[in-house]
Amino acid sequence: MPVSATNWADEVDGEDQPQTFTDANGITTTIEYRTNEDGKKVKVTRRTQKKLIHDVVNKAVAARKKWPKFGKEKGNRPGPDPATTNVGDNIKLKLSSTGDVVQDVDEKHEAMKAQLQNKKILCRICKGDHFTTKCPYKDSLGMEDAAAPVAAAEEAAPEEQQTGSKYIAPHMRAGASGPKSGDRDSMREKRDEQPTLRVTNLSEDVTEGDVSELFKRFGHISRVFLARDRETNQCKGFAFVSFTMREDAQRALEAIDGRGYDNLILRVEWAR
């Protein structure tokens, strides 16, 4: 708003009251007299013009703004008051495929996190909490202390002493009852028989974690495979999700197939 100040020190008319008038164009002019810092009387003129701006909003939003207020805001004008209401809060909501709010809380993960919060990593030789793969006090403690864990390990696995420092898997050691070739084949067949869904029309920015977060609400997931490009390492647009229970996979297929995700419509079907 333009403000003009004129020195009226020589004019003494006694008109100190502000004067307001509106012209034909809708411009309101307000004239008032003040005394500045130098003790001089000045004339201040303000010109304002009101404009009516039409904003198209949702009918439900417009009706909600007219609701009567309650509590400490009872009796105030409709709409949010900047003095008491902050409309800029960042609220993160995770919505399910049905539109309901989903609170995904992994209780086992939180319990394990609480147990490991104050736990320290101790050295197996000096029992210290230094962060290194080699103990710096190994020479000062003596060969007896350093050799004690090694001797215990050799007694527990005598076959390793015969082969030197070569590592032998537990199921391949003498007397071990590990899985045989037939058992491995049966395990592979069992894994192949797990209910697996094929998800297509995924965006390039999707990761394995995003696919897992999308499907794990329907049941336990045993495996997630996301096809990636070898050069760009971006998603090729499809992934495979294996469930433990077929009922969970069926519910996931019915809920996610045809739903929008990352501005794309997902296609979910049984993997062949």
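- Not a single donor-acceptor pair under 3.5 Å links the side chain of Asp229 to the backbone N or O of Gln234.
- In this structure, Thr48 and Ile27 have side chains that are not in contact, with every pair of non-hydrogen atoms separated by 4.5 Å or more.
- A pairwise comparison of heavy atoms in Asp205 and Asp210 identifies O-OD2, 4.0 Å as the closest pair.
- Counting heavy atoms from C-beta outward, Thr30 and Thr45 have side chains that stay 4.5 Å or more apart.
- Asp257 contributes no side-chain N or O that, together with a main-chain N or O of Glu254, makes up a donor-acceptor pair within less than 3.5 Å.
- Here the closest heavy-atom approach between residue Asn36 and residue Val42 is recorded as ND2-CG1, 3.7 Å.
- Put simply, the side chain of Phe243 reaches to within 4.5 Å of the side chain of Ile221, judged on heavy atoms.
- Considering only heavy atoms from C-beta on, Trp270 comes within 4.5 Å of Leu197 through its side chain.
- Two residues are said to be in side-chain contact when any heavy atoms from C-beta on lie closer than 4.5 Å; Leu214 and Ile256 meet this criterion.
- Connection of Leu266 to Phe225 is not established within any shared hydrophobic cluster, with ILVMFWY side chains joined at heavy-atom distances below 4.5 Å, either directly or through further cluster members.
- In Lys65, the NZ atom is not crowded: 12 or fewer heavy atoms of neighbouring residues, nucleotides or ligands sit closer than 6.0 Å.
- The shortest heavy-atom contact between Glu32 and Pro18 is CB-CB, 3.9 Å.
- Between the side chains of Thr22 and Thr28, at least one donor N or O sits under 3.5 Å from an acceptor N or O.
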Report task. Apply the test side-chain contact (heavy atoms from CB on, under 4.5 Å) to residues Val206 and Tyr261: give CA-CA distance (whole Å), side-chain angles for both, the deciding distance (0.1 Å), then the verdict. Result -> CA-CA 10 Å; Val206 173; Tyr261 184 78; 4.2 Å; yes
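- At distances below 3.5 Å, at least one donor-acceptor pair connects side-chain atoms of Asn58 with backbone N or O atoms of Ala60.
- Note that the CD atom of Gln49 and the CG atom of Asp23 stand 8.0 Å from one another [nearest 0.5 Å].
- Judged by distance alone, the side chains of Gln194 and Ser222 do bring a donor and an acceptor atom under 3.5 Å apart.
- Contact record, Pro195 with Thr244: CD-O, 4.3 Å, taken as the closest heavy-atom pair.
- Judged by the 6.0 Å and 45° rule, Arg223 forms no cation-pi pair with Phe240.
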Query raised in the report: Can you list the steps and then say if Val241 with Val211 is a side-chain contact (heavy atoms from CB on, under 4.5 Å)?
Result: CA-CA 8 Å; Val241 182; Val211 178; 3.6 Å; yes
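- Nearest approach of Glu73 to Lys69, heavy atoms of both residues: O-CB, 3.3 Å.
- Between Arg228 and Glu208 a salt bridge is recorded (basic side-chain N to carboxylate O distance below 4.0 Å).
- With rounding to the nearest 0.5 Å, the separation of NZ in Lys43 from OH in Tyr33 is 4.5 Å.
- Among pairs with a residue in residues 231-250, those fulfilling salt bridge (charged side-chain N to carboxylate O under 4.0 Å, His left out) read Asp248-Arg251, at least two apart in sequence or across chains.
- When all heavy atoms are compared, the tightest approach of Leu226 to Cys235 is CD1-SG, 3.4 Å.
- The side-chain hydrogen bond (donor to acceptor under 3.5 Å, both in side chains) check on Thr200 picks up nothing, with sequence neighbours excluded.
- Distance check: Phe238 CZ to Arg267 CZ gives 16.0 Å after rounding to the nearest 0.5 Å.
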